[in-house]
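To start, the structure itself, in structure tokens.
Side chains are part of it too, since the values below use all heavy atoms of this structure and drop only hydrogens, waters and symmetry mates.
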Amino acid sequence: MNAAPADQIRLLDLQAVDSRLGLLAHKRASLPEHAEIERLTGDVTQLRDLLVAAQTEESDNAREQTKAEQDVDQVRTRAVRDQQRLDSGAVSSPKDLENLQREIASLAKRQADLEDVVLEVMERRESTQARAVELTQRLESLEGKTAEAEGRRAAASEEIDTEIASLTKEREVLVGAIPADLLKLYEKLRDQAGGVAAARLYQRRCEGCRLELGVTELNEVRAAAPDTVVRCENCRRILVRTPDSGI
């Protein structure tokens with residue numbers, strides 16, 4: 001293949017742009033904020049689950065407390081009613097009086113036991129409420145850190161995207177100035193050679209594979225016409241000659 005030396009030099013400019021675009025894409029994909037946000041998001045999810053569990057437990061305790069308080073009220077109401085019967089003198093039978101007094105005493109014990117239950121449930125509820133408050137505060141802190149990290153990532157990505165957009169326009173100009181057949185070869189080799197298709201021959205060394213050309217290969221390059229597109233025998237990349245090639 002033949003191409004004007006100026007077009008071959010443009011390949012180096014295009015390669016520089018493509019290499020920079022590749023570096024920027026890698027930089028964007030490997031921003032430290034990606035891992036930070038992933039970790040924070042996992043922590044946020046875990047805390048949300050713990051908070052839901054604490055809130056559910058607190059809700060269960062609230063219902064249990066309400067039920068226990070209702071039980072106390074029922075026993076207390078019955079005890080008051082029995083005490084009123086006893087105080088009114090309406091019960092005159094010794095046996096009935098004894099049974100009534102025994103029931104009042106039993107109700108008093110029952111009320112005391114239920115009040116202990118209420119206190120125990122209240123303590124558990126207060127503990128779960130405190131736990132929910134703590135988890136809420138921790139969750140809000142983590143969500144703030146996540147938002148801050150997302151902001152930093154967005155700013156870094158925007159900066160990279162701005163440079164990518166500028167380089168993409170520059171690439172379009174370069175591509176438009178390179179002959180179609182040379183560009184086709186360049187794109188084919190770029191896919192095959194890890195993104196680097198054109199390399200400068202500098203001081204008898206291919207800058208693509210970093211290997212120095214042998215005597216035979218150097219002689220072939222020296223003998224090639226200026227418009228001949230030469231290839232490195234080692235890496236098969238397009239070898240672009242410049243005044244610094246050492247030949």
Side-chain angles (χ1 to χ4, degrees), residues 12-72 115-175 186-187 189-199 207-210 237:
L12 293 180
D13 296 333
L14 180 59
Q15 182 63 73
V17 169
D18 283 337
S19 295
R20 181 58 182 165
L21 285 170
L23 287 174
L24 288 171
H26 175 74
K27 181 179 179 181
R28 196 183 196 286
S30 58
L31 286 171
E33 286 79 9
H34 290 315
E36 181 182 0
I37 291 170
E38 183 177 359
R39 176 181 59 79
L40 287 170
T41 300
D43 292 342
V44 165
T45 298
Q46 184 179 25
L47 272 181
R48 282 176 178 166
D49 291 342
L50 291 174
L51 178 58
V52 169
Q55 291 172 333
T56 300
E57 184 178 354
E58 195 281 330
S59 179
D60 292 342
N61 288 335
R63 285 193 296 269
E64 188 177 352
Q65 180 180 338
T66 298
K67 176 62 169 59
E69 289 172 344
Q70 290 173 345
D71 291 342
V72 170
E115 287 173 344
D116 288 342
V117 171
V118 171
L119 288 175
E120 189 271 333
V121 174
M122 287 177 64
E123 289 175 356
R124 281 194 282 115
R125 186 181 179 188
E126 289 174 358
S127 177
T128 55
Q129 285 175 331
R131 173 66 171 161
V133 169
E134 176 201 359
L135 289 171
T136 298
Q137 292 173 342
R138 289 171 57 189
L139 180 59
E140 290 174 351
S141 175
L142 274 180
E143 288 175 336
K145 291 179 180 179
T146 303
E148 191 271 336
E150 288 174 340
R152 283 189 281 109
R153 181 175 67 178
S157 296
E158 183 179 359
E159 182 178 348
I160 293 171
D161 289 344
T162 298
E163 186 175 355
I164 287 176
S166 176
L167 286 170
T168 299
K169 291 180 180 179
E170 183 179 345
R171 188 183 196 279
E172 291 173 355
V173 173
L174 287 169
V175 165
Y186 169 84
E187 297 290 4
L189 292 176
R190 198 158 70 94
D191 290 339
Q192 296 174 352
V196 179
E207 291 194 332
C209 60
R210 303 296 178 181
R237 293 181 173 94

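In this structure, the side chains of His26 and Leu23 stay at 4.5 Å or more apart for every pair of heavy atoms. The side-chain heavy atoms of Val117 and Asp71, taken from C-beta on, include no pair separated by under 4.5 Å.
We find that Glu187 and Arg171 are joined by a salt bridge, their nearest charged nitrogen and carboxylate oxygen being less than 4.0 Å apart. A salt bridge links Glu36 to Arg152: at least one charged side-chain nitrogen sits closer than 4.0 Å to a carboxylate oxygen. By the 4.0 Å N-to-carboxylate-O rule, Glu148 lies too far from Lys145 to be salt-bridged with it. Taking 4.0 Å as the cut-off between side-chain N and carboxylate O, Asp161 and Arg28 count as a salt-bridged pair. Comment: Lys67 does not engage Glu64 in a salt bridge, judged by the lack of any side-chain N to carboxylate O separation of less than 4.0 angstrom.
Between the side chains of Arg63 and Ser59, at least one donor-acceptor pair of N or O atoms lies under 3.5 Å. For Ser166 and Glu170, the side-chain atoms include no donor-acceptor pair closer than 3.5 Å.
Residues satisfying the salt bridge (charged side-chain N to carboxylate O under 4.0 Å, His left out) criterion with Glu115, sequence neighbours excluded, are Arg76. With sequence neighbours left out, the salt bridge (charged side-chain N to carboxylate O under 4.0 Å, His left out) criterion links Lys27 to no other residue.
Looking at Thr128, its side chain does come within 3.5 Å of a backbone N or O of Arg125 through a donor-acceptor pair. With Ser141 contributing its side chain and Gln137 its backbone, the two residues share no donor-acceptor pair below 3.5 Å.
Screening Glu33, Glu158, His34 for a side chain to side chain donor-acceptor pair (under 3.5 Å) with Arg153, the sole residue that qualifies is His34.
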